[in-house]
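Model, not experiment: these values are computed from the prediction.
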Amino acid sequence: MAAPMIESTFKSFMCPIKELRLDKTLACGQSFRWKENIPGTWVGVLAGRVWKLKQNENEIFYATHGNFMQQPTKIEKRPPTKKHRKLSKKGTTEKMTRTVEEKHIWCENLGNECDNELNILSDYLQLSVKLQDLYAQWSHKDPNFREKSENFQGVRMLRQHPVENLFSFICSSNNHISRISSMVEKLCENYGEKITEIDGQAYFAFPSISSLAGEGVEEKLRQLGFGYRAKYISSSAHYLSENGGEDFLFSLREKPYEEAKQQLMKLNGVGAKVADCVCLMSMDKAGAIPVDTHVADCVCLMSMDKAGAIPVDTHVWQIASRDYIPKLKQSKSLTDNLYKEIGDHFRSLWGPYAGWAHSVLFTADLKKFKRESPDTDSKIKEKAKKKKVK
DNA sequence: AACCGACCTAGGAG
DNA sequence: ACTCCTAGGTCGG
């Protein structure tokens, strides 16, 4: 008595799978609330509702449940044209500017109300950014990207809510994706508003800043296993409560990258890396590059370049190794200076959307997406790691 | 200014 | 089942 899948509750829109891979995009560690409940069907909370998403080669299917909205969704703020003007002045080309500004087929039928499901989704998934064109440009400029991204098409940056994004990444320090996910879930269960229940499973919105700034939050979070991050969360929530709350965070979307980053780094528990994550993932700073252990590995890889070990035809490799070997020898740890230089290097390599490109390579580097037995690259990487430790 | 070491602990690898 | 170690860092000395 297999009950037939009820498809009728799903609506859909056109979206080529190369523009968006749900599995990679939702599970690569930029957002921590999406679960693949049934194979191929992703469930998560967004804008006060529970969403189910799935896809085939050409379409995205979506359904929502519940609607807990304290206030109108803030999704309407982005003026696409401003950013694109910036792009064009770099001369990276008219081609890039034009393609980004183009209306895409899967976006054409969006309504005008801001509280419309398709608008919420389109904003969150940033569908107005045409990913295939960006991949083509990154691949053109960077042979390494071309190679590594081959099996990782459709990895797209989400445009997250700054509050969720910020507190999730405060949890991320020295931590695994799996544990971060469970910590974020605990935040929601303990401090978020309940949205609805589906099949006996309760779903909660991400907590507000004020609820995280409440009495006894730090103690409770420690008890829940947050470790030293408990204090970071409590402290940052207090700071924000007294400094403009979430409106302040949203206002950083309008500020230049450097300023937004500096503001974020005033928060306890937010260093350069977490600040860059937030800039990239919820502040519209497409060029922000979080320099984490993966990126550091990447640089180690470059610095270890031995002819033959890596496909070294690449110009890029040579430049990077020439640039970074001396510094890596001097400093084993990631200094502020080195951090910035690494970011600048990739920005000049990949262009204004460098952070998006970084995310593709980051995803390709995640263990959970690596199937095959160790190939040349991972062997080299092992060596690189050993070197780094000693 | 540039380095450490300490900080918490659930998952996951071996 | 059971160690043992790691994991998208940050802070203060």
Please collect all ring pair (Phe, Tyr, Trp, His ring centres under 6.0 Å) contacts where either partner lies in residues 196-217 of chain A, sequence neighbours excluded, each pair once.
->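 Every candidate ring pair (Phe, Tyr, Trp, His ring centres under 6.0 Å) pair involving residues 196-217 of chain A fails, so no pair, neighbours aside, qualifies.
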
Whole-angstrom distance between C:dG12 and B:dA1, as gauged at atom C1' |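 Between the two C1' atoms, the distance is 15 Å.
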
Write down the distance separating the P atoms in C:dG8 and B:dA6, rounded off to the nearest Å.
->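 Approximately 23 Å lies between the P atom of C:dG8 and that of B:dA6.
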
Spacing between [X] atom [atom1] and [N] atom [atom2], to the nearest angstrom:
{"X": "A:L361", "N": "C:dG8", "atom1": "CG", "atom2": "C1'", "answer": "14 Å"}
{"X": "A:L366", "N": "C:dA7", "atom1": "CG", "atom2": "P", "answer": "11 Å"}
{"X": "A:I170", "N": "C:dC11", "atom1": "CD1", "atom2": "C1'", "answer": "14 Å"}
{"X": "A:K367", "N": "C:dA7", "atom1": "NZ", "atom2": "C1'", "answer": "8 Å"}

Report which part of the nucleic acid A:C171 touches: base, sugar-phosphate, or nothing (heavy-atom distance under 4.0 Å, all strands).
->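 Nothing: the residue A:C171, judged by heavy atoms under 4.0 Å, touches no strand.
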
Look at all strands and tell whether A:G29 reaches a base, only sugar-phosphate, or nothing, counting heavy atoms closer than 4.0 Å.
->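 Touches a base.
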
Check [X] against [Y] and note the closest heavy-atom contact, atom names and distance.
{"X": "A:N268", "Y": "A:S236", "result": "O-OG, 2.8 Å"}
{"X": "A:S172", "Y": "A:V274", "result": "OG-CG2, 4.3 Å"}
{"X": "A:R222", "Y": "A:A230", "result": "CG-CB, 3.6 Å"}

On DNA chain C, check which nucleotide each of A:S178 and A:N268 is closest to and give me the residue with the more 5' one.
->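 Between the two, 5'-proximity favours A:S178.
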
What's the closest nucleotide to the side chain of [X] if the choices are [options]?
{"X": "A:V274", "options": "C:dA7, C:dT10, C:dG8", "answer": "C:dT10"}
{"X": "A:R179", "options": "B:dC8, C:dT10, C:dG8", "answer": "B:dC8"}
{"X": "A:K273", "options": "C:dT10, B:dG12, C:dT6", "answer": "C:dT10"}

Within the structure, does a side-chain N or O atom of A:S182 lie under 4.0 Å from either OP1 or OP2 of B:dG11?
->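 Yes, within the criterion.
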
Does a side-chain N or O from A:N174 land closer than 4.0 Å to OP1 or OP2 of B:dC7, or not?
->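 Looking at the OP1 and OP2 atoms of B:dC7, neither is under 4.0 Å from any side-chain N or O of A:N174.
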
Aromatic ring proximity, centroids under 6.0 angstrom, A:F346 and A:F145 =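 No: the rings miss the under 6.0 Å criterion.
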
For DNA chain C, what residues of residues 214-240 of chain A have any heavy atom nearer than 4.0 Å?
->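 Within residues 214-240 of chain A, the residues near DNA chain C are A:Y228, A:Y232.
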
So what is the 5' to 3' dot-bracket string for DNA chain B, if pairs are Watson-Crick or G-U wobble with both distances under 3.5 Å, crossing pairs use [ ] and | means the partner sits on another strand?
-> ..|||||.||||||

